[in-house]
Amino acid sequence: MNLTLRIWRQSGPDAPGAMTEYHVSGISPDMSFLEMLDTLNEELILRGDQPVAFDHDCREGICGACGMVINGQAHGPERTTTCQLHMRHFADGDTIDVEPWRAGAFPVVRDLVVDRSAFDRIIGSGGYITAPTGSAPEAHATPVPKDAADLAFEHAECIGCGACVAACPNGSAMLFTAAKVVHLNVLPQGAPERAGRARAMVEAMDAEGFGGCTNTGECATACPKGIPLTGISVLNREYLRGLR
Amino acid sequence: MALLTRAVRRPSTLATLWRSTVGKKAVMAVSGLVMLLYLVFHMLGNLKVFFGPGDLNGYAHWLRTLGEPLLHYGWFLWLARVVLLAAVVAHAVAAYQLSRRDAAARPQKYVHRRQRTSYATRTMRWGGVILGLFIVWHILDLTTLTVNPRGEEGHPYQNIVASFSTWYGGGIYCLAMLALGLHVRHGFWSAAQTLGANNPRRDRALKLTANATALLLTAGFLSVPVAVMTGVVR
Ligand code: HEM
Ligand code: SF4
Ligand code: FES
């Protein structure tokens, strides 16, 4: 496949950036999107140019490190992570626009790499449980109802990639925060901090400058892990409940 | 001692609500639902126009005597107006502040833009502004009678017919009611989501209820100007 890429290049956090055009050829439809970028970067390095910086780690869709907006869609046209997006979803001769996540709370570090430590601070404000560390607990010590286990598991799938923020027209982090709050609040292990968790995490989220939720549903559509939009309703309920 | 003298003042629940994005949205949801409840009764009341001037004008008079002798003549109406004014102000101020914040959360826009979200969802802000302007026009037209072509106090039936008989009176009203339908379509479901009443099992039913409410409300309101413009009501 021969492709035209228009990629956001920015040499540093305060440097101006611009979309820059590149041509790549000999791309196999079986390559992942990141492998396609690797191919481009090899050429750039051979030419003596700076390679395009992008985040990645596991390359198997579980770490949440990778992430870029491809043709205006977070993680591109398929509902998966960028590392699991394959070039067969594009056609020979396509022009593809690649941009970093855009949010004030996710400043660009370089090219397609953004600083997502705002998510870490939200987690630090309440996305944990208090438990003794050491040996693994007895599996039957804390019974978990099946419904609660299913709901918690569904929301625990969040990998913190930030696609929800990137896709939201308001740059809101509600789906991410909801995933964490629902995951922990429905489990008995999360019960001790339940009363204050949603409030603390929403306050941390607001302090980072993320936008508010207008229930557009763009986040859940973009989420590679299928975190449901109704999770946000549970977060709202837990928040209002905590104020009483 | 030092500890005791340091007064720990926690902000009130309302202040906490107003300061957070989730809480402010809850204020919007509650004020929106208050207005929606009012609109349902308002629409049903308007349908009295089809039973003639006696019925409608009698109903308008009854609204003023409602609650007597506990309330004085007209007090019920003023109570409703105060509640609605509070709701519309809270709703609009929260909408404005949240919208400002939302815009600031994405200082740099995407180069590659894409049409996102449904029409009803996309038009909440401008649709809301249209509704706000319509509310002003509507009060000037049929409450204060400032811009009404007939403007006869105590004769709402005749004033309604006079207003809707002009192209602009009927036109503005019809456009606003379409905007209202769209606003309620997204708004009702959104309010349920905001107040934490939604879940995967209820989602479909809530969306259906939102669509049905929006449709019935718009159809009911629209039937009056359409009836006047087609000569069914005159
Ligand atoms: C002053 C005029 C109005 C303005 C400026 C306005 C604006 C807005 C905005 C910006 C939203 C949030 C949109 C979103 O979530 O995407 C909203 C939501 C809503 N509006 Fe309005 N609106 C107005 C009048 C009304 C009226 C007359 C009703 C009564 C039917 C209403 C009912 C609602 C409801 C129920 C919501 C949902 C709240 C939520 O999402 O929790 N609004 N409005
Ligand atoms: S909710 Fe989905 S899109 Fe958002 S951070 Fe988690 S996995 Fe990524
Ligand atoms: S690199 Fe780990 S999810 Fe894509």
Side-chain angles (χ1 to χ4, degrees), chain A residues 6 8 17-19 69-73 96-100 102-108 151 154 165-174 177 198-199 202-203 205-206 208-218 221 228-244, chain B residues 10-17 19-26 28-30 94-95 97-118 120-122 124-125 186-204 206-207 210:
Chain A
R6 291 193 301 181
W8 182 263
M19 297 297 273
V69 173
I70 302 165
N71 284 341
Q73 283 179 285
I96 307 174
D97 288 337
V98 192
E99 297 172 74
R102 289 289 185 207
F106 285 168
V108 171
L151 197 62
E154 191 180 16
V165 175
C168 175
N170 311 318
S172 170
M174 282 288 274
T177 308
R199 177 166 168 183
V202 164
E203 275 169 9
M205 180 186 87
D206 285 350
E208 295 294 340
F210 290 107
C213 179
T214 55
N215 297 316
T216 65
E218 287 293 318
T221 307
L229 189 60
T230 45
I232 291 180
S233 189
V234 182
L235 166 62
N236 291 330
R237 181 158 73 237
E238 292 294 309
Y239 176 87
L240 295 172
R241 190 177 175 273
L243 287 186
R244 270 186 276 160
Chain B
R10 282 188 64 200
S12 71
T13 307
L14 213 64
T16 310
L17 264 183
R19 249 178 254 145
S20 91
T21 51
V22 174
K24 203 166 278 193
K25 200 67 201 290
M28 285 196 73
V30 171
Q97 292 182 349
L98 285 171
S99 300
R100 286 284 303 265
R101 190 191 161 94
D102 295 348
R106 173 155 301 133
Q108 177 132 24
K109 310 284 174 247
Y110 289 109
V111 174
H112 189 116
R113 289 179 198 214
R114 210 166 54 84
Q115 193 60 275
R116 293 152 185 268
T117 74
S118 75
T121 311
R122 263 186 286 131
M124 285 305 271
R125 288 178 186 141
H186 177 74
F188 181 81
W189 169 82
S190 186
Q193 173 91 356
T194 300
L195 296 176
N198 197 9
N199 66 39
R201 261 165 292 131
R202 248 185 243 162
D203 196 47
R204 253 182 74 85
L206 276 171
K207 281 197 171 122

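Here is how names work: the chains are called A, B, and so on, in the same order as the sequence lines, proteins then strands, and each is numbered from 1.
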**Q** Below 4.5 Å, heavy atoms only, C-beta onward: do Lys25(B) and Tyr239(A) meet side chain to side chain?
**A**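 Side-chain contact under 4.5 Å: no.
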
**Q** Do Asn215(A) and His186(B) make a side-chain contact, defined as non-hydrogen atoms from C-beta onward lying under 4.5 Å apart?
**A**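 With C-beta onward as the side chain, the pair touches.
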
**Q** Give me the atom names and distance for the closest heavy-atom approach of Met205(A) to Arg101(B).
**A**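 Looks like O-NH2, 4.4 Å.
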
**Q** I need the minimum non-hydrogen distance between Ala105(B) and Gly211(A), along with the two atoms involved.
**A**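 So the minimum-distance heavy-atom pair works out to CB-N, 3.3 Å.
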
**Q** Main chain of Arg102(A), side chain of Tyr110(B): is a donor-acceptor contact present, judged purely on distance under 3.5 Å?
**A**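 Answer holds: yes.
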
**Q** Could you tell me the separation between the CG atom of Leu240(A) and the OG1 atom of Thr194(B), rounded to the nearest 0.5 Å?
**A**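 Rounded to the nearest 0.5 Å, the CG-OG1 separation comes out at 9.0 Å.
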
**Q** Tell me if a side-chain donor or acceptor on Arg106(B) pairs with a main-chain N or O of Ser172(A) at a distance below 3.5 Å.
**A**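 A pair under 3.5 Å: no.
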
**Q** What pair of heavy atoms forms the shortest contact from Arg125(B) to Thr214(A), and how long is it?
**A**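 For Arg125(B) versus Thr214(A), the nearest heavy atoms are NH2-CG2, 3.7 Å.
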
**Q** Counting C-beta onward and ignoring hydrogens, is there a side-chain heavy-atom pair between Thr16(B) and Arg199(A) closer than 4.5 Å?
**A**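 Yes, side chains in contact.
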
**Q** What closest approach, in Å, do Ser233(A) and Ala197(B) show between heavy atoms, and which atom pair accounts for it?
**A**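 That would be OG-N, 3.5 Å.
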
**Q** Checking side chain to side chain contact (heavy atoms under 4.5 Å, CB included) for the pair Arg114(B)/Glu218(A): CA distance, chi angles, key distance, verdict?
**A** CA-CA 12 Å; Arg114(B) 210 166 54 84; Glu218(A) 287 293 318; 3.5 Å; yes

**Q** Who among Thr121(B), Asp203(B), Asn198(B) has the most heavy-atom pairs with chain A under 4.5 Å?
**A**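 Of the options given, most contacts go to Asn198(B).
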
**Q** Give, as side chain, backbone, both or neither, the part of Lys24(B) having an atom under 4.5 angstrom from any heavy atom of chain A.
**A**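 For Lys24(B), there is no contact with chain A at all, as no heavy atom is under 4.5 Å.
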
**Q** Answer with side chain, backbone, both or neither: which region of Ala198(A) has an atom nearer than 4.5 Å to a non-hydrogen atom of chain B?
**A**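 Ala198(A) has no heavy atom closer than 4.5 Å to chain B.
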
**Q** Under 4.5 Å heavy-atom distance to chain A, tell me which part of Ala120(B) shows up: side chain, backbone, both or neither.
**A**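 Contact with chain A: none, neither part.
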
**Q** Using a cut-off of under 4.5 Å for heavy-atom pairs, which of Val22(B), Leu17(B), Leu195(B) has the most such pairs with chain A?
**A**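 Of Val22(B), Leu17(B), Leu195(B), Val22(B) has the most heavy-atom pairs under 4.5 Å with chain A.
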
**Q** If every non-hydrogen atom of Asp97(A) is compared with every non-hydrogen atom of His112(B), which pair is closest and at what distance?
**A**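 In this case the closest contact between Asp97(A) and His112(B) is OD2-ND1, 2.7 Å.
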
**Q** Heavy atoms only: give me the nearest Asn236(A)-Gln193(B) pair and the separation to one decimal.
**A**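 Heavy atoms only, the tightest pair is ND2-O, 3.0 Å.
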
**Q** Chain B heavy atoms under 4.5 Å from Leu229(A): which part of the residue, side chain, backbone, both or neither?
**A**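 Contact with chain B: backbone and side chain both.
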
**Q** Would you say Asp206(A)'s side chain and Thr21(B)'s backbone share a donor-acceptor pair under 3.5 angstrom?
**A**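 A pair under 3.5 Å: yes.
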
**Q** Please identify, among Val69(A), Asn71(A), Leu235(A), the residue contributing the most non-hydrogen atom pairs under 4.5 Å to chain B.
**A**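 Most heavy-atom pairs within the cutoff with chain B belong to Asn71(A).
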
**Q** If we define contacts as heavy-atom pairs under 4.5 Å, which of Ser118(B), Ala26(B), Ser190(B) has the most with chain A?
**A**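 Ranked by heavy-atom pairs under 4.5 Å with chain A, first place is Ser190(B).
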
